[in-house]
Amino acid sequence: MKKVDLNNMKLINELTNIQNELLPKVILENSFDVNEIKTIAGVDLAYWDVNNTTYGTCCIVMIDYSTKEVVEKVYSYGEINVPYISGFLAFRELPLVLEAAKKLSNEPDLYMFDGNGYLHYRHMGIATHASMYLKKPTIGVAKSYLKIQGVDSIMPKNIKGSYTNIVINNEIYGRTLRTTENVKPIFISCGNWIDIETSTEIVLNCINNMSRLPIPVRLADIETHKIRKQLIENDLGG
DNA sequence: GCGACAG
DNA sequence: ATCTTGTCGC
């Protein structure tokens, strides 16, 4: 018989309830004019361990949507006490994300996350969950597929921009999107206050020849590694 | 014991 | 996520 951790079960139930209660606040329609988007911020985290304690740093890189130039970079760091559990990533990463976001001198028009949004067991991936606090439109960008209810992802054609919808229960949860030819696709989904067509368009407009990931997320990813190295060298976060 | 599993 | 160099393929 399988062991059951009652404390953990209780926690999971509480977190699941929180996610279910937030769902009614999700709106998959644009709350803005696409032509008015000036800046987009990419969000990512990196982790490391010191004496059995896990530390993390969250970096947010904001770019100018038209020129793709970096406008501002901020970061936060600290102890991580919530374990990674598939389906509950937001509870682990949001504290540092919100702390970093507060440091931005100007709010971006939209946030892109390294992880899912609506493409989630309860439509509450980190991109969607974060929007509740950031109060801005968000998009989820995942590098690997989170299988839901046994539904597999269908490989899109090997042409930049082609995609297949991830349909579950007659509803589009997200898209498997080919952003670069001959490179495996990414999995995008609405975060909040945006539709899937617009999400796809914006992600594709942020692809350059350097990565299959949209520029904001890629730059945030690179930044987390840089900041982590700095923090470790300076004996901070330990 | 085995397979699943966003980051 | 993280540990890590070279190497197979186009």
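Atom set for the values below is all heavy atoms of this structure, side chains included, hydrogens, waters and symmetry mates excluded. These numbers come from a predicted model, not from an experiment. Reminder, nothing fancy here: chain letters follow the sequence lines and each chain counts from 1.
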Beyond-backbone contact of A:Asn106 with A:Thr39, side-chain heavy atoms, under 4.5 angstrom = no
Counting any heavy atom closer than 4.0 Å, what does A:Ile126 reach on the DNA or RNA strands: base, sugar-phosphate only, or nothing?
-> base
Flag side-chain contact, heavy atom, 4.5 Å: A:Thr128 against A:His120 | no
B:dG7 base stacked by A:Tyr84 (centroids within less than 5.5 Å, tilt under 30°) | yes
Separation of A:Asp44 atom CG from B:dG7 atom P, in whole Å?
-> 9 Å
Mind checking A:Phe88 for me? I need base, sugar-phosphate or nothing, with any heavy atom below 4.0 Å counting as a touch.
-> base
Let me know, please, whether A:Thr224 or A:Asn182 comes out on the 5' side of the other along DNA chain C by nearest nucleotide.
-> A:Thr224
May I ask you to say what A:Gly87 touches in the nucleic acid, namely base, sugar-phosphate or nothing, with a heavy-atom cut-off under 4.0 Å?
-> base
Under 4.0 angstrom between A:Lys143 side-chain N/O and C:dA1 OP1 or OP2 = yes
Indicate whether OP1 or OP2 belonging to C:dA1 is found under 4.0 Å from a side-chain N or O atom of A:Arg92.
-> no
Under 4.0 angstrom, heavy atoms only, what part of the nucleic acid is A:His225 near: base, sugar-phosphate, or nothing?
-> sugar-phosphate
Please measure how far the C1' atom in B:dC5 lies from the corresponding atom in C:dT2, and state the result in whole Å.
-> 15 Å
Does the side chain of A:Tyr145 get closer than 4.0 angstrom to OP1 or OP2 of B:dA6 through an N or O atom?
-> no
Spacing between A:Tyr47 atom OH and C:dC3 atom P, to the nearest angstrom = 14 Å
Look at all strands and tell whether A:Asp114 reaches a base, only sugar-phosphate, or nothing, counting heavy atoms closer than 4.0 Å.
-> sugar-phosphate
For A:Gly115 and A:Ile126, which heavy atoms make the closest approach, and how far apart are they?
-> CA-CG2, 4.3 Å
Rounded to whole Å, the CG-P distance (A:Leu146 to B:dA4) equals 14 Å
Compare all side-chain heavy atoms of A:Leu146 with those of A:Phe187 and state whether any distance is below 4.5 angstrom.
-> no
